[in-house]
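Inspection log for the structure reproduced underneath, given as structure tokens.
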2 protein chains.
Amino acid sequence: MTTLGYAILGLLAREGLSGYDLTQRMKGRVGYFWSARHSQIYPELARLEDGGFVTHSVVEQRDRPDKKVYEITDVGLEALKDWVTEPPPEKPTRDELTLKAYSVWLADGEEAARVFRAEGLKHEEQLARYEEIRSWMEDEWREDLSSPGSPHFASYATLQRGIIHERGYAEWCRWLAEAVGGEISISGRGEA
Amino acid sequence: MTTLGYAILGLLAREGLSGYDLTQRMKGRVGYFWSARHSQIYPELARLEDGGFVTHSVVEQRDRPDKKVYEITDVGLEALKDWVTEPPPEKPTRDELTLKAYSVWLADGEEAARVFRAEGLKHEEQLARYEEIRSWMEDEWREDLSSPGSPHFASYATLQRGIIHERGYAEWCRWLAEAVGGEISISGRGEA
DNA sequence: ACCCGCATGTAAGTCGTTACATGATTCT
DNA sequence: AGAATCATGTAACGACTTACATGCGGGT
């Protein structure tokens, strides 16, 4: 079974979904840390069904094309549950921006500062979005967030990972931009 | 040109290296955030030479097999320099442990806590290793670390990224292990 | 003799991306 | 009539991993 398979099972364990629905969930990101395109999802669903981890039923719709709604089976649920507590294989981290930083000594300081400042901004923006969702969760799901057995708790946990990730990344970008470039100029540069 | 190509150029911009040397550097990790096996490196070196980004010369050794030492060309250096300040394409983050967290509500709390505690420990250990290297760098390279034009500064910057990454990851693991499991039991469990 | 480290390659397979392909239904 | 969204697939290609393959020289 592939990791993508477990990602799909993780979504189906919460609710029945079509391939299209799954694709939408995977765009945003499953719990913010996995993604896949429809071209990968449809064949994987077929394999999961072949293995008995999911089943599907065709749902007819008036206003839209019919769809196949997939549901997780007991076998699938069991496999997913077992996978959760297996230690993950350690895969090497690959981060292109950090790799760029490794050769930043060759670049013009101002130019490099612009790049890292811009990347830092992106991560700050993502952080802000995540924090907004977190506030919403804390309001809406208050009780669930102290029950590790609830799916809402699990969603909150992955979001929490996203927040920590973005915060750290933004911090590093700001630090590096400052170190290589120095002054932060507002576009237009008001100096007379 | 592939990202791996730039990873190799980034190393060769600092010193001439053989395919074998490059492989060793990539195992540890280039500046801690890229990696590759020899089976990927040798063909990539051939492509880089084809494109005029590197050249090689055979160095004969008495005590060991001969080797090809690769050097970066002016063309290669220019390409690398330009790449550094190009904004990186954003690639989706894929983290299996976070994906597991998304389905952690299905698992036994104690079992899950063990997994996340164990992973947290790994990241704390890596953090400790990185921090030791940082201390060493701060002692050994003191002056360079304030000159963004020095390779040592760039190495320090990537290490800094590694430190922030591990710190955040460890923090999250500890938080989640605590939330799903509660008590930290020493193996053997001294309770009477 | 055998294993280990140095040294360099190729081949097969997996995972993921981009592109190709089709068709229903609704909105403008 | 044409574009947008919903819906489901396949094919070609690229990046990376694992395995296959070979050979030198030094230490036990």
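Heavy-atom basis, side chains included; hydrogens, waters and symmetry copies ignored. In what follows, every chain begins at residue 1, and chains take the letters A, B, ... in the order their sequences are listed.
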Interatomic distance, B:Lys27 NZ vs C:dC6 C1' [rounded to whole Å]: 11 Å
Atom pairs and distances, donor-acceptor, side-chain atoms in residues 48-58 of chain B, under 3.5 Å, two or more places apart:
residue: B:Glu49; atom: OE1; partner: B:His56; partner atom: ND1; Å: 3.0
residue: B:Glu49; atom: OE2; partner: B:His56; partner atom: N; Å: 3.1
residue: B:Glu49; atom: OE2; partner: B:His56; partner atom: ND1; Å: 2.9

May I have all residue pairs that pass ring-ring contact (aromatic ring centres under 6.0 Å, His included) and include part of residues 78-101 of chain A, sequence neighbours excluded? A:Tyr6-A:Trp83
Can you pull out the residues from residues 56-71 of chain A that lie within a 4.0 Å heavy-atom distance of DNA chain D? A:Gln61, A:Arg64, A:Pro65, A:Asp66, A:Lys67, A:Lys68
Could I get the full list of salt bridge (charged side-chain N to carboxylate O under 4.0 Å, His left out) partners for [X], not counting sequence neighbours?
X	answer
A:Arg94	none
A:Glu44	A:Arg47
B:Arg134	B:Glu131

Which heavy atom in A:Phe116 sits nearest to a heavy atom in A:Ala177, and how many Å separate them? CB-CB, 4.0 Å
Under the side-chain hydrogen bond (donor to acceptor under 3.5 Å, both in side chains) test, which residues partner A:Tyr169, sequence neighbours left out? A:Asp95
What pairs with B:Glu119 under side-chain hydrogen bond (donor to acceptor under 3.5 Å, both in side chains), at least two apart in sequence or on another chain? B:Lys122
Dump every N/O contact between nucleotides 13-17 of chain C and the protein below 3.5 Å, one line per pair.
residue: C:dG16; atom: OP2; partner: A:Gln40; partner atom: NE2; Å: 2.5
residue: C:dG16; atom: O5'; partner: A:Gln40; partner atom: NE2; Å: 3.3
residue: C:dG16; atom: O3'; partner: B:Arg94; partner atom: NH2; Å: 3.4
residue: C:dT17; atom: OP1; partner: B:Arg94; partner atom: NH2; Å: 3.0
residue: C:dT17; atom: OP2; partner: B:Arg94; partner atom: NH2; Å: 3.4

Show me the donor-acceptor pairs, under 3.5 Å and distance only, between side chains in residues 12-20 of chain B and residues at least two apart or in other chains.
residue: B:Arg14; atom: NH1; partner: A:Tyr102; partner atom: OH; Å: 3.4
residue: B:Arg14; atom: NH1; partner: B:Ser155; partner atom: OG; Å: 2.6
residue: B:Arg14; atom: NH2; partner: A:Tyr102; partner atom: O; Å: 2.7
residue: B:Arg14; atom: NH2; partner: B:Pro151; partner atom: O; Å: 3.2
residue: B:Glu15; atom: OE2; partner: B:Arg25; partner atom: NH2; Å: 2.8
residue: B:Ser18; atom: OG; partner: B:Tyr20; partner atom: N; Å: 3.4
residue: B:Ser18; atom: OG; partner: B:Asp21; partner atom: N; Å: 3.0
residue: B:Ser18; atom: OG; partner: B:Asp21; partner atom: OD2; Å: 3.1

Phosphate OP1/OP2 of C:dC6 contacted by B:Tyr20 side-chain N/O (<4.0 Å): yes
Covered region of DNA chain D, 5' end to 3' end, by chain B [heavy atoms, under 4.0 Å]: D:dA15 to D:dG26
Could you list all the side-chain hydrogen bond (donor to acceptor under 3.5 Å, both in side chains) pairs where at least one residue sits in residues 138-154 of chain A, not counting sequence neighbours? A:Glu138-A:Tyr156, A:Asp144-A:His152
